[in-house]
Number of protein chains: 4
Amino acid sequence: MSTPRRSARAHTAVLDAASQLVLEHGYGRLTVDAICARSGVSKATVYRWWPNRAAIVVEALLESVQPDVAYPDTGSLREDLVGQATALARALAAPGLGGTLVALLGEARDDRDLATALRNGWQEPRRAAGREVVRRAVRRGELPADVDADLVLDGVYGPLYLRLLFGHAGLGRDEVQRIVDQVLDGCGGGHRAG
Amino acid sequence: MSTPRRSARAHTAVLDAASQLVLEHGYGRLTVDAICARSGVSKATVYRWWPNRAAIVVEALLESVQPDVAYPDTGSLREDLVGQATALARALAAPGLGGTLVALLGEARDDRDLATALRNGWQEPRRAAGREVVRRAVRRGELPADVDADLVLDGVYGPLYLRLLFGHAGLGRDEVQRIVDQVLDGCGGGHRAG
Amino acid sequence: MSTPRRSARAHTAVLDAASQLVLEHGYGRLTVDAICARSGVSKATVYRWWPNRAAIVVEALLESVQPDVAYPDTGSLREDLVGQATALARALAAPGLGGTLVALLGEARDDRDLATALRNGWQEPRRAAGREVVRRAVRRGELPADVDADLVLDGVYGPLYLRLLFGHAGLGRDEVQRIVDQVLDGCGGGHRAG
Amino acid sequence: MSTPRRSARAHTAVLDAASQLVLEHGYGRLTVDAICARSGVSKATVYRWWPNRAAIVVEALLESVQPDVAYPDTGSLREDLVGQATALARALAAPGLGGTLVALLGEARDDRDLATALRNGWQEPRRAAGREVVRRAVRRGELPADVDADLVLDGVYGPLYLRLLFGHAGLGRDEVQRIVDQVLDGCGGGHRAG
DNA sequence: GGATAACCGAGACGGTACGTCTTGTCTTCAT
DNA sequence: ATGAAGACAAGACGTACCGTCTCGGTTATCC
């Protein structure tokens, strides 16, 4: 019962190559063969550790983006939300990430593992952090105790992803602010109370 | 200037076949060859009229779904929004549509024509109808005159699409109601005023 | 029920490329990919018309070698046999053919179609011609009427192939003559009787 | 000068596994990995002692078949030859051996070591024994003193291998007898003299 | 109402990526 | 310091789908 001793070199080379290639040509034009060529890792090895192209990309994506979407703790719910959501919007607007994420979400409809990876690896950590932010605000009295944190978060991030999907409106700090204001007003935490 | 004498038979046969095949196997497993086989239309003909698989599917999708997402006119903004959004949520939750739409949105990142088709053919008509509903509500005094209709609509549909994407929460009538309530409270049209 | 209209260009390009590559690198190093690259024909097309590498090579081989192994008609059985067998020996000793044939015969053990192709396409035509030569000799009185033509032919070609297989002896005109002499002496058609 | 302390266990396990697998699936489907799996010997060890698949198989083949093709000494050349050749024909007709041998001979065109191994390990011992048999016959006066032993042997074994290669005729005792008769008649040792 | 295009179906084609397989080398770990 | 386990690079395999193309055959206008 020996743990497979996967080669760290090959592993990171694949993820790096995938990240680069997605940036250069977009997810749609990403090819496992190209990843192999760029990384110097053989196809057999790639397929030993990942079931398909999407799995490689989620792993690369989660690894690279994880750190830089932490919530600030400004003492004001409004500021916290606007800060994080603006950072997220900026990240998603960058050439590689937004498009890749949407494409992955599209594929995830036919790929249960991918869907799980995205929910657990991308969505859930952010959401957990968001719930904590909301809880802090409740403790500070900015929101009523019976507020539904998930509804608040959906209210903020929903419009953000919607605009990412259809691209029908911008996502600068101003737009994000107005979204957050509308949500906070709607759930009893009007920003004037900040 | 000769009008292309596009064969109506071939045209609808292709769209029908595409719809069926998407329902049966999902968009991801849809193949132009399969569409040809099912419809009895040749590849040459298919490619004469559509540039690629996605274009066929958007057309089939827009044609089939267009009618059944009209807004009711109940005299109450809240009722109108809840009614339409619930219907939309139900449609998107059905096996074929939701997945297909997300997949198409994913591909649209690399396909400007597809993106345009989705925005103009799917998003914009619904949004125009939605703006009209909001305008009616303003006329009735349910909302302040300076309300930003698009922000309201993003507030309602954003969470809906977000849950479609990640599947982290349900989309029954109750959930939709709570979403709509939060938005209306947030933009000065509290539902108590309904 | 339309006959598949295979492209003559692609067909001959594949056979030519296969012949060249076998000559250059030997059958053992022959690759379908290389045939495709050399011929400019796609893999799909190659596999549409041939089940595997061996089938391509037999066809190329049969087509190219067929003509130049006809029997002479010298009026003497001994001369006819020596002439043809020497020509065959020379052909088999050439870089490509002998090795390829042996390799194909090896693979034919696991490939019934290949075995049939070799028997019907290579062995049988030669053998039929050989039987005719023997029959002529019987008519001329060089051999008794009850001679077993196949046994005679095996007696001539058996040693020839054996030396091809193990390479333990040469196959010049002299060696072939001595083989033929021994066979004819053995079957009642001693060459002194010629 | 350190004697490689070749593990007897590993060595015989590999040869046994190779023999079994050839019998079960044929040489064409034999895999080094399968030999390792079956024998419990690691690939590193296998490749330490044999350069490739063919080398393993020749060794296994030579070891297993060597004993049972000895020449009888009946006092009659004809009987000796018919006896040995019939035994050989039976051995070659068995599922594993004939096919394997032909396949190896095919590969030997590209593998000088393999060719040498087959000639020295398979062909030459048999031929040496055969020459001795012929020499005995000369001593007994069954054949003229100037007979070419190799030509006689090629006359007997040539047709045998030819039929093995193309499978165009049977190889029972009767057929072998007629082959031997023809050869002996042809080289001055008519079987009536037996 | 016969000519003449554009259309149609069928399906072969070059191309490209897929995911699998086997080879022979190299590394790691346990003995 | 040997050998089993097995990861690795290389690269061929045979399959699938794409989008283009060439075929004949069939409409369906326009003279």
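These values consider heavy atoms only, across backbone and side chains, with no hydrogens, waters or symmetry-generated copies. Below, chain A is the first sequence line, B the second, and so on; all start at residue 1.
- Side-chain nitrogen and oxygen atoms of C:Trp49 include none within less than 4.0 Å of the OP1 or OP2 phosphate oxygen of E:dA12.
- Rounded to whole Å, atom P of E:dC21 lies 17 Å from atom CZ of D:Arg53.
- One finds the CG atom of D:Leu30 at 10.5 Å from the CD atom of D:Glu24 (value rounded to the nearest 0.5 Å).
- Of all nucleotides listed (E:dC13, E:dC7, F:dG3), E:dC7 comes nearest to the side chain of B:Arg48.
- Atoms OH (C:Tyr47) and P (E:dT16) sit 18 Å apart, rounded to a whole Å.
- Atom CG of D:Leu97 sits about 9.5 Å away from atom CG of D:Leu23, to the nearest 0.5 Å.
- Residues D:Leu30 and A:Asn52 both approach DNA chain E. Their nearest nucleotides, taken by heavy-atom distance, put A:Asn52 toward the 5′ side.
- Distance NE2 (A:His25) to P (E:dT16): 15 Å, rounded to an integer number of Å.
- To the nearest 0.5 angstrom, B:Glu59 atom CD is 4.5 Å from B:Leu15 atom CG.
- Interatomic distance, CG of C:Asp16 versus CD of C:Glu63, reported as 7.5 Å (0.5 Å rounding).
- Within the 4.0 Å cut-off from OP1 or OP2 of E:dG14, at least one side-chain nitrogen or oxygen of C:Arg9 is found.
- In summary, of the residues considered (C:Leu165, C:Thr100, C:Leu118, C:Leu114), a side-chain contact (heavy atoms from CB on, under 4.5 Å) with C:Leu105 occurs for C:Leu118 alone.
- Across residues 35-46 of chain A, A:Lys43, A:Ala44 each have a non-hydrogen atom less than 4.0 Å from an atom of DNA chain E (numbered order).
- Residue D:Arg29 is classed as having no contact, given no heavy-atom separation below 4.0 Å to the nucleic acid.
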